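Shown next, in structure tokens, is the structure this report addresses.
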Amino acid sequence: FSDVCLPAGATQRAYVSFHIPDTPGAMVVDITTSSNITPDVTKIQANVVELKENTPPDPKGTDRNDSFTESSLPGFSSATQHSWTTYTCNKVGDVWEYQEIPHSIVLTPSMSIQADEQVPTAEGEEIKSGYGINVNVLTRMSGNGTGDIIAPQTVISYYPEFGYQDYWRILEPSNRTQTQASFHLKENPYSIVKNRVHFLPVWYPDGVYKVFAVIRDLWTPVGELRVSVTDTMMINGSVFDDWYTAKSLD
């Protein structure tokens with residue numbers, strides 16, 4: 001950067017985007033600034049860690065959980081709007097003239113869950129336990145600061161059968177622009193046809209099934225925007241209700 005200007009008494013932030021190393025480990029960022037007052041050298045010491053999914057285990061038709069009780073949703077500290085100011089300056093004779101430019105950004109999220117296309121008996125928002133659901137998250141960024149942000153990079157989904165802990169799924173970005181980003185589940189390793197699904201446990205009781213997700217790592221010049229989202233389906237019956245036995249006519 002060069003020629004960062006600001007009026008007396010104001011503060012200014014400079015930020016850069018960079019690629020995180022492919023391998024975890026220590027990372028040092030050296031920052032040097034100089035002005036007509038004094039130079040300054042700053043070191044940022046960071047620890048790059050891998051974001052890992054804790055994939056739920058392979059669901060079985062014989063699974064049971066007779067002691068299951070529904071858990072409350074986790075608490076999460078959201079920040080969906082940031083504002084900041086930049087300056088432009090022009091020297092007229094021996095006098096600097098400054099102009100303040102206000103910026104803002106608002107994060108608007110949504111999540112939808114629905115029965116996977118392979119589910120033959122789902123009706124609208126109603127599904128039987130034991131089948132798979134899709135989880136999709138959409139984020140929109142609005143305001144006059146969209147040119148200075150990094151769109152959300154992380155979406156993690158949690159599920160009620162695990163008490164919204166123990167296991168989680170990391171969603172993959174399916175599309176990302178400066179003002180919009182969408183995410184969906186990774187291919188499920190236990191799906192025979194490699195669908196992007198989460199399997200509902202066959203033992204899950206009838207009633208509301210609520211998925212909880214957190215959206216993180218939308219960075220602005222003044223910090224992170226983050227938010228949680230939920231969506232629900234109704235469970236009515238189980239996959240075994242769709243199985244029939246017939247006597248052979250041979």
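What you are looking at is a predicted structure, and each value in this text was computed from that prediction instead of being measured.
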Interatomic distance, [X] atom [atom1] to [Y] atom [atom2] [nearest 0.5 angstrom]:
| X | Y | atom1 | atom2 | value |
| --- | --- | --- | --- | --- |
| Leu200 | Ile133 | CG | CD1 | 5.0 Å |
| Trp168 | Lys52 | CH2 | NZ | 10.5 Å |
| Tyr159 | Arg169 | OH | CZ | 5.5 Å |
| Ser142 | Ile105 | OG | CD1 | 6.0 Å |
| Thr55 | Asn188 | OG1 | CG | 8.0 Å |
| Ile113 | Met233 | CD1 | CE | 6.0 Å |

Side-chain heavy atoms of [X] within contact of [Y], under 4.5 Å:
| X | Y | result |
| --- | --- | --- |
| Val155 | Ile170 | no |
| Trp219 | Ile149 | no |
| Gln180 | Leu138 | yes |
| His82 | Pro221 | no |

Is it true that [X] and [Y] fall in one hydrophobic cluster, defined by side-chain heavy atoms closer than 4.5 Å?
| X | Y | value |
| --- | --- | --- |
| Ile156 | Phe199 | no |
| Tyr209 | Tyr158 | no |
| Met141 | Phe183 | yes |
| Phe76 | Leu73 | yes |
| Ile44 | Val48 | yes |

Next on the checklist: If you apply the rule side-chain hydrogen bond (donor to acceptor under 3.5 Å, both in side chains), what do you find for Ser83 with His103, and how did you get there?
Outcome noted: CA-CA 6 Å; Ser83 300; His103 301 273; over 6 Å; no

Checklist outcome for this item: Between Val229 and Ser110, the two heavy atoms sitting closest are CG1-N, 4.4 Å

Item to check | Exercise: identify the closest heavy-atom pair between Pro102 and Asn144 | outcome: O-ND2, 2.8 Å

Checklist entry - Yes or no on side-chain hydrogen bond (donor to acceptor under 3.5 Å, both in side chains) for Ser112 and Asp231, after CA distance, side-chain angles and deciding distance? => result CA-CA 6 Å; Ser112 65; Asp231 196 22; 5.4 Å; no

Checklist entry - Yes or no on side chain to side chain contact (heavy atoms under 4.5 Å, CB included) for Thr232 and Thr230, after CA distance, side-chain angles and deciding distance? => result CA-CA 7 Å; Thr232 62; Thr230 62; 5.8 Å; no

Checklist entry - Does any donor atom in the side chain of Asn90 or Glu97 lie under 3.5 Å from an acceptor atom in the other side chain? => result no

Item to check | Aromatic ring pairing Tyr164/Phe212, orientation class (parallel under 30°, perpendicular over 60°, tilted between) | outcome: perpendicular

Checklist entry - Stepwise, does the side chain to side chain contact (heavy atoms under 4.5 Å, CB included) test hold for Asn134 with Leu185? => result CA-CA 7 Å; Asn134 306 131; Leu185 287 171; 5.7 Å; no

Next on the checklist: Taking Asp241 first and then Lys128, would you say they form a salt bridge - that is, a charged N and a carboxylate O separated by under 4.0 Å?
Outcome noted: no

Checklist entry - Under 4.0 Å between a Lys/Arg side-chain N and an Asp/Glu carboxylate O for Glu172 and Arg196? => result yes

Item to check | Ring centres under 6.0 angstrom apart (Tyr87, Tyr98) | outcome: no

Checklist entry - Can Leu218 and Glu224 be said to form a side chain to side chain contact (heavy atoms under 4.5 Å, CB included), step by step? => result CA-CA 6 Å; Leu218 191 166; Glu224 181 194 26; 5.6 Å; no

Next on the checklist: side chain to side chain contact (heavy atoms under 4.5 Å, CB included) for Ser157 and Leu171? Distances and angles first, verdict last.
Outcome noted: CA-CA 7 Å; Ser157 55; Leu171 276 62; 3.3 Å; yes

Next on the checklist: Under the rule for side-chain hydrogen bond (donor to acceptor under 3.5 Å, both in side chains), what residues qualify as partners of Thr80, not counting sequence neighbours?
Outcome noted: none

Checklist entry - Can you list the steps and then say if Ser182 with Ser174 is a side-chain hydrogen bond (donor to acceptor under 3.5 Å, both in side chains)? => result CA-CA 6 Å; Ser182 55; Ser174 55; 2.9 Å; yes

Next on the checklist: Under the ring-ring contact (aromatic ring centres under 6.0 Å, His included) definition, can you give me all pairs with a residue in residues 53-73, not counting sequence neighbours?
Outcome noted: Phe68-Trp203, Phe68-Tyr204

